[in-house]
Amino acid sequence: MSNTLRAVRGMNDMLPADAGLWGRFEATVRDWLKSYGYQELRTPILEHTALFKRAIGEVTDIVEKEMYTFEDALNGENLTLRPEGTASCVRAAIENNLLFDGGKRLWYMGPMFRHERPQKGRYRQFHQVGIEALGHAGPDLDIEHLLMGARLWKQLGLAEFVALEINSLGGAESRARHRQKLIEYFEAHKAQLDEDAQRRLYANPLRILDTKNPAMQDLVAAAPKLMDELDDEARRHFDAVQQGLHDAGIAFKVNPRLVRGLDYYNYTVYEWVTDKLGAQGTVCAGGRYDGLVAQLGGKPAPACGFAMGVERLLALMQEAGTPLVDDPLDAYVVNVGEAAARFALQAAERLRDAGLKVALHCGGGSFKSQMKKADASGARFALIIGDDEAQAGEASVKPLRAEGEQQRVKLDNVAQLIKD
Ligand code: HAM
């Protein structure tokens, strides 16, 4: 047996080779969020287990079988690694009284944890970017979120690879009516229900509609539709959302079977899906959850939001061949000799003072081997310093990516030369 320690299954390192892609994604996302006036919120990765049970729902896959839950050995508290961000966001808003002066538009980015069976696009530690608008009741906010999604896909070069599916889950009363009809319908066809569905029949019959079991597809297709139970207000809200999408020219499909795997939703729910990533094709999902703030002990406040899976979007960007913005080093500082090494440290700092991106060669070695490293670093210039140059307070600047002569100049003039 090998003694080598490995990462936990389903939890990945982000390697330097992928840093460009992650960096480009995160920079685009931050600008996009700013352009809509959203503010960042960072919450702890650990929360009390009760938070997720109450927010996501006891009879959901996430709470029943996917949470990393443990007892804190030091004080016996029951804690869970966050499986998603909405619950934490609402908890933090209530605890810190963030809604005291009206609605808030918030965003977060970071790792989430679900003990699922790992496969392409499905991990046990994955990353989400999420937004939550707390305190806004109208369909204008749902529309804003859908427009935001559409804009981001465009900015990431993904517009033609994702499609939007929406549904309305209605309010509490229509859901209760629909639930009763569903139970009656499935009771009448009990023999056709698989084990999962039998278990959910009374606890969460809506989730039966979400089944992937091929043998149950006909049964589910003919089940009573929540859409038929929507009251006037829910219908008006849903119509307004669709009108907003039409006005903005965003294509969508109404999918009456879209129910989501978390219990806090009402009214609008939606998913952005792609057929380019195999089975794990949902890259972004969310909707309205008007009851959650009150359910977690806050003063009632409507809310809506969504979260996207970063790994899935990056995979899609690679699939789509989204060009990466090249952000190379400006200079690699080659130094041969003892005096040169000391001078090179100062020279590199001076260039950084001037705003340049600089890697300093450390650890000595021949001129030839250092030049090879300079080339491999991707830097635009090699800054060459020997004892001779060090003594004169100068450096030789050699272009590595373009034609041009090597020039020896005073250190004071190097930054300008490189910038020009
Ligand atoms: P969710 O649908 O559970 O919703 O997750 C949102 C997105 O996270 C998914 O569409 C998917 O892209 C990504 N994701 C989920 N699980 C995994 C996994 N195991 N591996 C890789 N990616 C994954 C929520 O989490 C809600 N909090 C969204 C929301 C925000 N609703 C309102 N506000």
Side-chain angles (χ1 to χ4, degrees), residues 8-12 14 25 38 41 43 47 51-52 55-57 60-63 65-68 81-91 93 104-134 136 141-142 144-146 148-149 152-153 158 161-167 169 207 210 258-274 276-293 296 302-317:
V8 176
R9 188 163 130 81
M11 304 200 180
N12 301 312
M14 188 219 66
F25 177 82
Y38 281 67
L41 172 73
T43 62
E47 297 273 2
L51 171 67
F52 300 117
I56 299 170
T60 57
D61 283 350
I62 296 179
V63 170
K65 50 189 185 201
E66 294 171 1
M67 297 208 302
Y68 283 90
L81 280 170
R82 62 180 185 194
E84 60 107 49
T86 309
S88 308
C89 201
V90 170
R91 196 261 317 133
K104 286 281 171 301
R105 289 169 156 102
L106 305 169
W107 70 270
Y108 51 87
M109 165 151 51
M112 308 291 161
F113 303 85
R114 295 184 195 176
H115 201 286
E116 299 191 76
R117 199 170 47 76
Q119 63 179 83
K120 182 174 173 255
R122 187 164 74 192
Y123 309 103
R124 290 179 174 172
Q125 175 179 316
F126 59 99
H127 295 76
Q128 281 186 348
V129 173
I131 66 168
E132 314 291 352
L134 307 179
H136 303 272
L141 242 295
D142 307 55
E144 172 171 291
H145 286 177
L146 294 165
M148 284 179 82
L152 183 63
W153 315 141
L158 302 178
F161 301 102
V162 287
L164 174 61
E165 296 189 1
I166 65 173
N167 190 19
L169 300 183
R207 285 303 309 282
D210 215 15
L258 182 63
V259 294
R260 309 278 301 124
L262 306 94
D263 281 354
Y264 46 61
Y265 293 106
N266 67 312
Y267 280 35
T268 326
V269 289
Y270 51 88
E271 295 189 351
W272 292 92
V273 295
T274 180
K276 293 268 175 288
L277 296 178
Q280 305 305 320
T282 306
V283 292
C284 177
R288 188 158 272 288
Y289 50 94
D290 294 324
L292 186 59
V293 177
L296 295 182
C304 58
F306 65 75
M308 58 189 102
V310 178
E311 284 82 357
R312 292 185 191 176
L313 283 166
L314 295 183
L316 195 56
M317 282 164 74

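A quick note: this is a predicted structure, and the numbers were derived from the prediction, not measured. Quick note: residue numbers are just sequence positions, from 1. Order of appearance sets the numbers: ligands from 1, and atoms from 1 within every ligand.
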Residue-level breakdown please: for [X] versus ligand 1, do any non-hydrogen atoms fall below 4.0 Å on the side chain, on the backbone, on both, or on neither?
X: Val283; answer: backbone
X: Cys304; answer: neither
X: Tyr264; answer: side chain
X: Glu132; answer: side chain
X: Phe306; answer: backbone

**Asked** For Gly130, is the nearest heavy atom under 4.0 Å from an atom of ligand 1?
**Response**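 Under 4.0 Å: no for Gly130.
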**Prompt:** Any non-hydrogen atom of Gly121 lying under 4.0 Å from ligand 1?
**Reply:**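 Gly121: in contact with ligand 1 (<4.0 Å).
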Only heavy atoms of [X], strictly under 4.0 Å: list the atoms of ligand 1 that pass.
X: Thr86; answer: 26 (C), 27 (N), 29 (C), 30 (C), 31 (N), 32 (C), 33 (N)
X: Gly286; answer: 31 (N)
X: Ala307; answer: 6 (C), 7 (C), 28 (C), 29 (C), 30 (C)
X: Tyr265; answer: 26 (C), 28 (C), 29 (C), 31 (N), 32 (C)
X: Arg122; answer: 19 (N), 20 (N)
X: Leu262; answer: 3 (O), 4 (O)

Interatomic distance, [X] atom [atom1] to [Y] atom [atom2] [nearest 0.5 angstrom]:
X: Asp210; Y: Thr60; atom1: CG; atom2: OG1; answer: 12.0 Å
X: Ile62; Y: Leu262; atom1: CD1; atom2: CG; answer: 4.0 Å
X: Arg9; Y: Arg117; atom1: CZ; atom2: CZ; answer: 8.5 Å

**Asked** What residue among Arg124, Gln125, Arg122, Glu84 forms side chain to side chain contact (heavy atoms under 4.5 Å, CB included) with Arg114?
**Response**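 By the side chain to side chain contact (heavy atoms under 4.5 Å, CB included) criterion, Arg114 pairs with just one of Arg124, Gln125, Arg122, Glu84: Glu84.
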**Request:** Ignoring hydrogens, just give me the one of Gln128, His127, Arg124 whose non-hydrogen atom is nearest atom 8 (O) of ligand 1.
**Result:**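 Comparing heavy atoms across Gln128, His127, Arg124, the nearest one to atom 8 (O) of ligand 1 lies in Gln128.
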**Message:** Can you check which of Arg114, Glu116, Arg260 brings a heavy atom nearest to atom 19 (N) of ligand 1?
**Reply:**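 Among Arg114, Glu116, Arg260, the closest heavy atom to atom 19 (N) of ligand 1 belongs to Glu116.
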**Check: Ile131 and Phe306 side chains under 4.5 Å, non-hydrogen atoms** =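 With C-beta onward as the side chain, the pair touches.
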**Prompt:** Are Arg260 and Glu271 ion-paired here, with the side-chain N under 4.0 Å from a carboxylate O?
**Reply:**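 Yes, Arg260 and Glu271 are salt-bridged.
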**Message:** For Lys65, is there an ion pair with Glu116 - N to carboxylate O distance below 4.0 angstrom?
**Reply:**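 No salt bridge links Glu116 with Lys65.
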**Request:** Run the numbers on Phe25 and Val310 for side-chain contact (heavy atoms from CB on, under 4.5 Å), then give the verdict.
**Result:** CA-CA 9 Å; Phe25 177 82; Val310 178; 3.7 Å; yes
**Exercise: do Thr268 and Asp142 side chains pair donor with acceptor under 3.5 Å** =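 Yes, a side-chain donor-acceptor pair sits under 3.5 Å.
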**Asked** With distance as the sole criterion, is a donor-acceptor pair present between the side chains of Tyr264 and Thr86 under 3.5 Å?
**Response**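 Judged by distance alone, the side chains do pair up.
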**Prompt:** Do any nitrogen or oxygen atoms of Gly309 lie less than 3.5 angstrom from nitrogen or oxygen atoms of ligand 1?
**Reply:**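 Such a contact does occur with ligand 1.
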**Request:** Indicate yes or no: does an N/O atom of Thr282 lie under 3.5 Å from an N/O atom of ligand 1?
**Result:**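 Checking ligand 1 against Thr282, an N or O pair does fall under 3.5 Å apart.
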**Request:** Indicate yes or no for a side-chain donor-acceptor contact from Glu47 to the backbone of Ser88 under 3.5 Å, with no hydrogens or angles considered.
**Result:**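 Not at all, since once roles are kept as given, no pair shorter than 3.5 Å links the two residues.
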**Item:** Non-hydrogen atoms of Pro111 and Arg82 that approach each other most closely
**Value:**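 That would be O-NE, 2.8 Å.
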Protein heavy atom at shortest distance from [atom]:
atom: atom 18 (C) of ligand 1; answer: Phe126 CD2, 3.4 Å
atom: atom 20 (N) of ligand 1; answer: Tyr123 N, 3.0 Å
atom: atom 27 (N) of ligand 1; answer: Glu84 OE1, 2.5 Å
atom: atom 32 (C) of ligand 1; answer: Gly305 O, 3.1 Å

**Prompt:** What class does the angle between the rings of Tyr68 and Phe113 fall in, given that below 30° is parallel, 30 to 60° is tilted and above 60° is perpendicular?
**Reply:**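 Ring orientation of Tyr68 relative to Phe113: perpendicular.
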